[in-house]
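Notes follow once the structure below has been shown.
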Amino acid sequence: MTDRYAVIGNPIAHSKSPLIHGEFARETGQDMVYRRILGDEGGFAADVRRFFADGGQGMNVTVPFKEQAWELADELSPGAERAGAVNTVILLPGGRLRGDNTDGVGLVRDLAENNGFDFGGKRLLLLGAGGASRGVLRPLLETGLATLVIGNRTASRALDLAAATAAHRVSGCGLDDLAGRRFDLIINATSAGLDGGVPAIPDDCLAPGGWIYDMLYGDAPTPFMRWGHEYGAGRALDGLGMLVEQAAESFFLWRGVRPSTAPVIALLQGKRVSS
Ligand code: ATR
């Protein structure tokens with residue numbers, strides 16, 4: 001029987017996950033379908049239960065339900081436990097639901113493996129202190145980076161998030177406090193770009209030739225990528241590769257097979273160029 005998977009979020013119509021998982025399934029010969037579910041804020045738990053009661057095998061969870069999925073899961077992977085958010089739900093034998101989080105792995109793989117970024121000894125700035133930042137924090141800390149500063153518009157949230165890691169290489173501050181500091185990689189995990197904005201960071205906080213990574217993506221360079229180009233970034237990347245890599249990790253958790261990501265990234269980039 002064809003196995004059923006889905007992504008739930010709101011909005012969801014724009015989601016590229018069905019295309020990505022469809023390509024993975026085709027390449028690896030897996031008999032599965034993957035669809036979108038438009039969730040609603042009050043009915044998330046009921047939607048998830050219905051999907052699995054109707055024979056669903058696994059789910060991706062996206063904005064704004066990742067925290068609710070964390071609450072709902074019967075058990076959590078260590079990564080999801082620490083992230084406080086779940087983007088992948090796995091049906092276990094007996095019907096229990098396991099929550100995992102593949103966002104951080106996706107980010108690190110896209111930077112290190114797809115783009116050759118060497119984290120060793122590097123100074124990182126992670127912008128934002130919401131769910132998106134929390135979700136990627138631990139995998140970043142396992143990379144061998146030298147220091148990680150969490151910079152946020154509301155300084156207290158950055159301080160709290162940094163303190164929660166209990167890692168001496170991590171600190172938190174407000175955006176103004178970044179004056180005079182230099183970073184080798186700046187990752188944007190804020191939602192500022194959704195309104196066309198860029199976090200108000202000092203113009204000179206990217207080290208010469210440093211990299212920019214925007215976890216958002218779009219058909220055109222994001223506002224933060226444009227900021228990077230203006231201020232001397234060696235590379236400015238958007239979150240398309242992360243999207244495909246986190247999907248590949250989810251696929252692996254469900255199916256036990258690792259799909260190739262490069263052709264799917266190329267396919268999505270091609271669609272962007274031609275759209
Ligand atoms: P998510 O789960 O997507 O991270 P969130 O928890 O609402 O969403 O967090 C959004 C993040 O983007 C926060 O760090 C927010 O900063 P505040 O904590 O000060 O609200 C940040 N953010 C949103 N709009 C921003 C803007 N225009 N400039 C800078 N930071 C912004």
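Ligands are counted one by one from 1 in listed order, and the atoms in each one are counted from 1 as well. One is the number of the first residue; the rest follow in order along the sequence.
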Aromatic F117 / basic K122 pairing, under 6.0 angstrom, 45° off normal: yes
Pairing of D204 and R182 as salt bridge, 4.0 angstrom limit: yes
Other cluster members, M1 - Ile/Leu/Val/Met/Phe/Trp/Tyr, side-chain contacts below 4.5 Å: none
Close side-chain approach of D54 and R4, heavy atoms under 4.5 Å: yes
Connected-component partners of F252 among ILVMFWY, side-chain separation under 4.5 Å: none
Residue shell around ligand 1, heavy atom under 4.0 angstrom: G128, A129, G130, G131, A132, N152, R153, T154, R157, T190, S191, A192, P199
Connected hydrophobic set around L178, excluding itself, where side chains approach under 4.5 Å: L125, L127, V149, L175, F183, I186, V198, I201, L206, I212, F224, W227, Y231
